Colleague: 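I am attaching a structure below and will ask some questions about it afterwards.
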Amino acid sequence: MSDSKNVKLSIRGIRKVFHIRRAGVRSELLALGGIDLDVADHEFVSVIGPSGSGKTTLLKIVAGLSTPTDGTIAIDGRPVTGPGDDRAVVFQTFGLFPWKTVLDNVRFPLDIRDTAAAEADRLARANIAKVGLEGFEDAHPHQLSGGMQQRVGLARALTADPEILLMDEPFGAIDAQTRELMQEELLKLWSETKKSVMFITHDLDEAVLLADKVVVLTGQPGTVQAVVDVPLPRRRWEYDVRAEPEFARVRHEIWEMLREGIVRHEADEMQAARAAV
Amino acid sequence: MRYLKHLVFALVVFGAWEAGGRFGNPDVLPPFSAVVAAFVDILFGPLPAALLESLRLLVIGFSTALALGVFLGLIVGRYRWLDRTLSPYFSGLYALPTVALVPLVLIWFGFDLSGRVVVVFLASFFPILINVYQGARDTPPDLLEVARSFGVRHEWGLVRRVVIPAAVPFILAGVRLGIGRGVVGMAIAEVYLRLSGLGTLIATYGSSFQTAYLIAAILPLPFLGIVLTKLLALLERRFQVWST
């Protein structure tokens, strides 16, 4: 376990202020209030928090798609400011190009890098097979179910061969049964590739099931409330994780933290709604 | 059954036309058979050369409109401030009938080929421009984000890899509208600006009351419209794979 102590991704003091203009009135919204977080080599980190905790904003900043107001993102100690080959994103809404076939969607990261066509083709086909979509290379996204589309999204991210996989509620738009299957397959894929993963979710079971540690964010503005280790053995597809007493304990611990935030958030929403009526 | 309906309808319409022509004044309404005879006559006479001249005008005017419409549409669609500033003018110019501009085009560009090309261009340009810029403006933002996340860096890269492919259905809709209006512009330019192509035939037969020949010379216009629309439908079907 010595290599797991090497910090792969380091998030330091990330703040994000959104400038909003509604009905001509300018206001500022503090979405992230100073986030510190480390993801080690080969580590799987879930980030969970109530809506409004800025989970997706944080992921976009790490991906280089959004600029933080303050703070730094570093990979292997090197600060990064924009997107790069060392990170790849799996998007909540899949983000597939509807005019491209499955193969061309999966090849996309390599086409951008001008990888030789034959090589790009070979790697893309291998990853399509890895996510179980062999035979669908020439299909278009709209011909596939949500679960299959996200498999394409995953294959595309794997084809980019990043050091860190950034997953933004990837199974949020997928039905419950398919989701469980996808979680299992993600665990298998991760154990083969051993990439570092930052996994955003609002599903508590999913967060615990997948991760080495769960980062709990509080509501507006998003700050790190706690980092909870998940000391369950790996190869978690080989046993019923949810039946383990340790799973229940970790889940309960996080739920108690989230509960407070969710109750407060609900109260705020109700108050706002009442004021609007 | 489909063809039978068409056949019955055609028989009724053209039969009534034939009867009306035979019993009425043939200078006002020549019988259908006379129009057919006139068409065959000009088909082996002045029609091919005239049609070719008209098509040349259409092709030059329309392709200029297509190139400029797509180019400017993409630029305006990508910059919100340009869109906000210019779109009222586009809407206004789109609504303006081309025929109203003919005298102005005559003063500015004369009645040479350039003036006629300008009329066709003006007719086709705005529907293409408006559709392209709407398509470019409505590029799904999440797809732009996907492209950026996988390393597409420059504006041109985003336009080439995301904006243009996503706008293809809009571009084709603009082309369909633009080509229809281009045919109208062509007819207007050739009749009102300076007689040329089909316009020469139409105006000559009209002023000499050769009504059967007049109608025969008008016939290629709707045919042209149908042929061009069908060609586009074939093109659109290729892209419908994903746009529906």
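Computed from a predicted model, the values in this text were never measured in an experiment. So that the names make sense, note that chain A is the first sequence line, chain B the second, and so on, each numbered from 1.
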Colleague: Using heavy-atom distances under 4.5 Å, tell me whether A:Ala160 contacts chain B through its side chain, its backbone, both, or neither.
Modeller: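 Looking at A:Ala160, just its side chain touches chain B.
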Colleague: Side chain, backbone, both or neither: which part of B:Arg161 has an atom under 4.5 Å from a heavy atom of chain A?
Modeller: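 For B:Arg161, the contact with chain A is made by backbone and side chain together.
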Colleague: Is it true that atom CZ of B:Phe90 has more than 12 heavy atoms of other residues, nucleotides or ligands lying nearer than 6.0 Å?
Modeller: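 Yes, the 6.0 Å shell around CZ holds more than 12 heavy atoms from other groups.
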Colleague: Which pair of non-hydrogen atoms, one from A:Phe91 and one from B:Val146, has the smallest distance, and what is that distance?
Modeller: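 The pair with the smallest heavy-atom distance is CE1-CG2, 3.6 Å.
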Colleague: Would you name the heavy atoms of A:Ile112 and B:Val152 that are closest together and state the gap between them?
Modeller: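 So the two residues come closest at CD1-CG2, 3.2 Å.
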Colleague: Mark yes or no for whether B:Arg148, through its side chain, and A:Leu65, through its backbone, hold a donor-acceptor pair below 3.5 Å.
Modeller: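 Checking the backbone N and O of A:Leu65 against the side chain of B:Arg148, a donor-acceptor pair under 3.5 Å is found.
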Colleague: Does A:Arg12 CZ have over 12 foreign heavy atoms under 6.0 Å away?
Modeller: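 More than 12 within 6.0 Å, yes.
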Colleague: Among A:Pro83, A:Ala63, A:Pro141, which residue has the highest count of heavy-atom pairs closer than 4.5 Å to chain B?
Modeller: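 The answer is A:Pro83.
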Colleague: Are the side chains of A:Phe97 and B:Leu143 in contact, using a 4.5 Å heavy-atom criterion?
Modeller: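 Yes, their side chains come closer than 4.5 Å.
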Colleague: Looking only at heavy atoms, what is the nearest atom pair of B:Ser149 and A:Val89, with distance?
Modeller: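 Smallest interatomic distance, heavy atoms only, reads CB-CG2, 4.2 Å.
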Colleague: Evaluate whether atom OH of B:Tyr79 has more than 12 neighbouring non-hydrogen atoms of other residues, nucleotides or ligands under 6.0 angstrom away.
Modeller: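 Count not over threshold, so no.
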Colleague: Name the region of A:Leu96, side chain, backbone, both or neither, that has any atom closer than 4.5 Å to a heavy atom of chain B.
Modeller: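 Backbone only.
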Colleague: CZ of A:Arg113 to CZ of B:Phe150: how many Å apart, nearest 0.5 Å?
Modeller: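 Reported value, rounded in 0.5 Å steps: 8.5 Å.
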Colleague: Counting only heavy atoms not in B:Phe39, do more than 12 sit closer than 6.0 Å to its CZ atom?
Modeller: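 Enclosed: over 12 neighbouring heavy atoms sit under 6.0 Å from CZ of B:Phe39.
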Colleague: In terms of heavy-atom contacts, does CD of A:Glu134 have more than 12 from other residues, nucleotides or ligands at under 6.0 Å?
Modeller: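 Not buried by this count: 12 neighbours or fewer within 6.0 Å.
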Colleague: Pick from A:Pro109, A:Gly82, A:Gly64, A:Ala88: which one has the most heavy-atom pairs with chain B under 4.5 Å?
Modeller: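 Looking at each option in turn, the highest pair count goes to A:Pro109.
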Colleague: Counting only heavy atoms not in A:Lys60 (residues, nucleotides, ligands), do more than 12 fall under 6.0 Å from its NZ?
Modeller: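 Check fails, neighbour count at 12 or below.
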